[in-house]
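Quick note: numbers below take in every heavy atom, side chains included, and nothing from hydrogens, waters or symmetry partners.
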Amino acid sequence: MIRIGLTGGIAAGKSTVATHLRELGAVLIDYDALARKAVEPGSVGLRRIVDRFGPDALDKQGGLNRQWIARHVFSGPNAESERKALDDIEHPLIYELASAAERHALAINPDAVVVHDIPLLAEVMDDLPFRFDHIITVEAPEDVRVERMMRTRGMSERQALDRIAHQPSRKKREEISDTVVDSSQSMERMFEYVDTLMRQWLLNTR
């Protein structure tokens with residue numbers, strides 16, 4: 001098998017690259033999806049969040065109140081410590097789910113290219129139960145990312161800049177990566193580059 005770490009700044013185009021890799025035959029382990037699963041209604045994760053943050057962490061349907069949580073951990077004087085408390089609850093559960101997903105994929109195809117799509121890889125690298133054969137970061141200029149968040153996610157400029165500020169810097173992402181994908185180029189050229197990477201990885205599994 002080949003294990004790939006995929007990361008990138010928020011709204012930099014990482015999800016587009018991840019989708020393309022899956023279309024090319026890679027097994028994609030989406031940590032955002034695992035994060036949602038880890039705190040779904042009735043889960044241990046959600047119960048622990050309510051124990052730590054109180055009933056305001058729940059919405060009217062009994063699920064995680066994501067808007068309240070986002071405001072709580074991305075702004076305010078205690079944002080950093082509150083975000084760490086949330087991470088300490090969620091991350092171990094996410095890693096357990098990721099390990100199970102990888103075992104399932106390799107049981108089907110021991111020679112798979114397995115892509116771990118991890119937005120905060122530069123931040124959690126030392127805590128992961130995995131080591132990667134290659135790490136890719138997908139990047140775009142900050143002003144492009146802010147415009148995308150305002151246009152597609154309904155954020156204000158301040159909210160978009162806060163999200164960027166609470167992620168590892170581009171410099172940190174590039175320091176842990178051996179490949180940088182520039183998503184400000186044309187989609188066609190970006191996909192051509194990703195296609196080349198995938199061909200190289202497949203050759204290494206044979």
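Annotation for H166 and A79: closest pair NE2-CB, 4.4 Å, computed over non-hydrogen atoms. Between A26 and V115 the shortest heavy-atom distance is CB-CG2, 3.8 Å. The minimum heavy-atom distance linking S183 with V138 is given by the pair CB-CG1, 3.9 Å. The nearest pair of heavy atoms linking W201 to V113 is CE3-CG1, 3.9 Å. Nearest approach of A38 to I94, heavy atoms of both residues: CB-CG1, 4.2 Å. Between A18 and D117, the closest heavy-atom pair is CB-OD2, 3.6 Å.
Within the 3.5 Å criterion, the main-chain N or O of I10 finds a donor-acceptor partner in the side chain of R145. Side-chain atoms of D178 come within 3.5 Å of backbone N or O of I135 as a donor-acceptor pair. Not one N or O on the side chain of T179 forms a donor-acceptor pair closer than 3.5 Å with the backbone of I136. No donor-acceptor distance shorter than 3.5 angstrom exists from the side chain of H72 to the backbone of W68, with no hydrogens or angles considered. D59 contributes a side-chain N or O that, together with a main-chain N or O of G63, makes up a donor-acceptor pair within less than 3.5 Å.
Other residues, nucleotides and ligands contribute more than 12 heavy atoms inside 6.0 Å of the CZ atom of R158. Heavy atoms from other residues, nucleotides or ligands lying under 6.0 Å from CD of E40 number more than 12. Within a 6.0 Å radius of CD in E80, no more than 12 heavy atoms belonging to other residues, nucleotides or ligands are found.
Of the inter-residue distances, the one linking H134 atom NE2 with Q200 atom CD reads 8.0 Å to the nearest 0.5 angstrom. Note that CD1 of I89 is 10.0 Å distant from CG of L46, once rounded to the nearest 0.5 Å. Note that OG1 of T137 and CD1 of I176 are 7.5 Å apart. Values are rounded to the nearest 0.5 Å. To the nearest 0.5 Å, atom CG of residue L161 and atom CE of residue M150 are 9.0 Å apart. Atom CG of residue D87 and atom CG of residue L120 lie 7.5 Å apart, to the nearest 0.5 angstrom.
When hydrophobic clusters are built by joining Ile, Leu, Val, Met, Phe, Trp and Tyr residues whose side-chain heavy atoms come closer than 4.5 Å, directly or via intermediates, L64 is not grouped with Y31. In the hydrophobic clustering of this structure, V17 groups with M187; members are Ile, Leu, Val, Met, Phe, Trp, Tyr whose side-chain heavy atoms approach within less than 4.5 Å, directly or through other members. At a threshold of 4.5 Å between side-chain heavy atoms, the hydrophobic network of Ile, Leu, Val, Met, Phe, Trp and Tyr places M155 and F74 in two separate groups. The cluster map of Ile, Leu, Val, Met, Phe, Trp and Tyr, joined by side-chain heavy atoms under 4.5 Å apart, puts L86 and L93 in different clusters. Each of L34 and I49 belongs to its own hydrophobic cluster when Ile, Leu, Val, Met, Phe, Trp and Tyr are linked at side-chain heavy-atom distances under 4.5 angstrom.
Classification of the F130-H116 ring pair by plane angle, with boundaries at 30° and 60°, yields tilted. Classification of the Y95-H91 ring pair by plane angle, with boundaries at 30° and 60°, yields tilted.
For the pair D30/K37, no side-chain contact is recorded, criterion being any heavy-atom separation below 4.5 Å from C-beta on. The closest side-chain heavy-atom distance from M149 to I164 is below 4.5 Å. The side-chain heavy atoms of M190 and T16, taken from C-beta on, include a pair separated by under 4.5 Å. Side-chain contact between R3 and E102 is present, with heavy atoms from C-beta onward closer than 4.5 Å. Within the 4.5 Å cutoff, the side chain of L128 has heavy atoms near those of the I118 side chain. Between M1 and V27, every side-chain heavy-atom pair lies at or beyond the 4.5 Å cut-off. Using a 4.5 Å heavy-atom cutoff, the side chains of R148 and V144 are in contact. In this structure the side chain of T7 never reaches within 4.5 angstrom of the side chain of M125, judged on heavy atoms.
In summary, the side chains of E188 and S186 do not present any donor paired with an acceptor at a separation below 3.5 Å, with no hydrogens or angles considered.
The pair R83-E90 fails the salt-bridge criterion, with no side-chain N (NZ, NE, NH1 or NH2) lying under 4.0 Å from an Asp/Glu carboxylate O. The pair R36-D32 fails the salt-bridge criterion, with no side-chain N (NZ, NE, NH1 or NH2) lying under 4.0 Å from an Asp/Glu carboxylate O. Taking the charged nitrogens against the carboxylate oxygens, D195 and R199 have no contact shorter than 4.0 Å, which rules out a salt bridge.
When the side-chain hydrogen bond (donor to acceptor under 3.5 Å, both in side chains) test is applied to S184, the partners found at least two apart in sequence or on another chain are D182.
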- Query: Would D56 and N65 count as a side-chain contact (heavy atoms from CB on, under 4.5 Å) if you check the C-alpha gap in whole Å, the side-chain angles of each, and the deciding distance to 0.1 Å?
  - Reply: CA-CA 7 Å; D56 287 339; N65 187 334; over 6 Å; no
- Could you go through the side-chain contact (heavy atoms from CB on, under 4.5 Å) check for L21 and L28 one step at a time? CA-CA 8 Å; L21 285 169; L28 182 66; 5.9 Å; no
- Message: Quick one, V146 with E157, criterion side-chain contact (heavy atoms from CB on, under 4.5 Å). Give me CA distance, side-chain angles, the key distance, then yes/no.
- Response: CA-CA 7 Å; V146 169; E157 183 178 17; 4.0 Å; yes
- Evaluate side-chain contact (heavy atoms from CB on, under 4.5 Å) for H20 paired with M198, printing each intermediate quantity in order. CA-CA 10 Å; H20 189 61; M198 186 66 173; over 6 Å; no
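For the salt bridge (charged side-chain N to carboxylate O under 4.0 Å, His left out) test with E174, the passing option among K171, K172, R170 is R170; the others fail.
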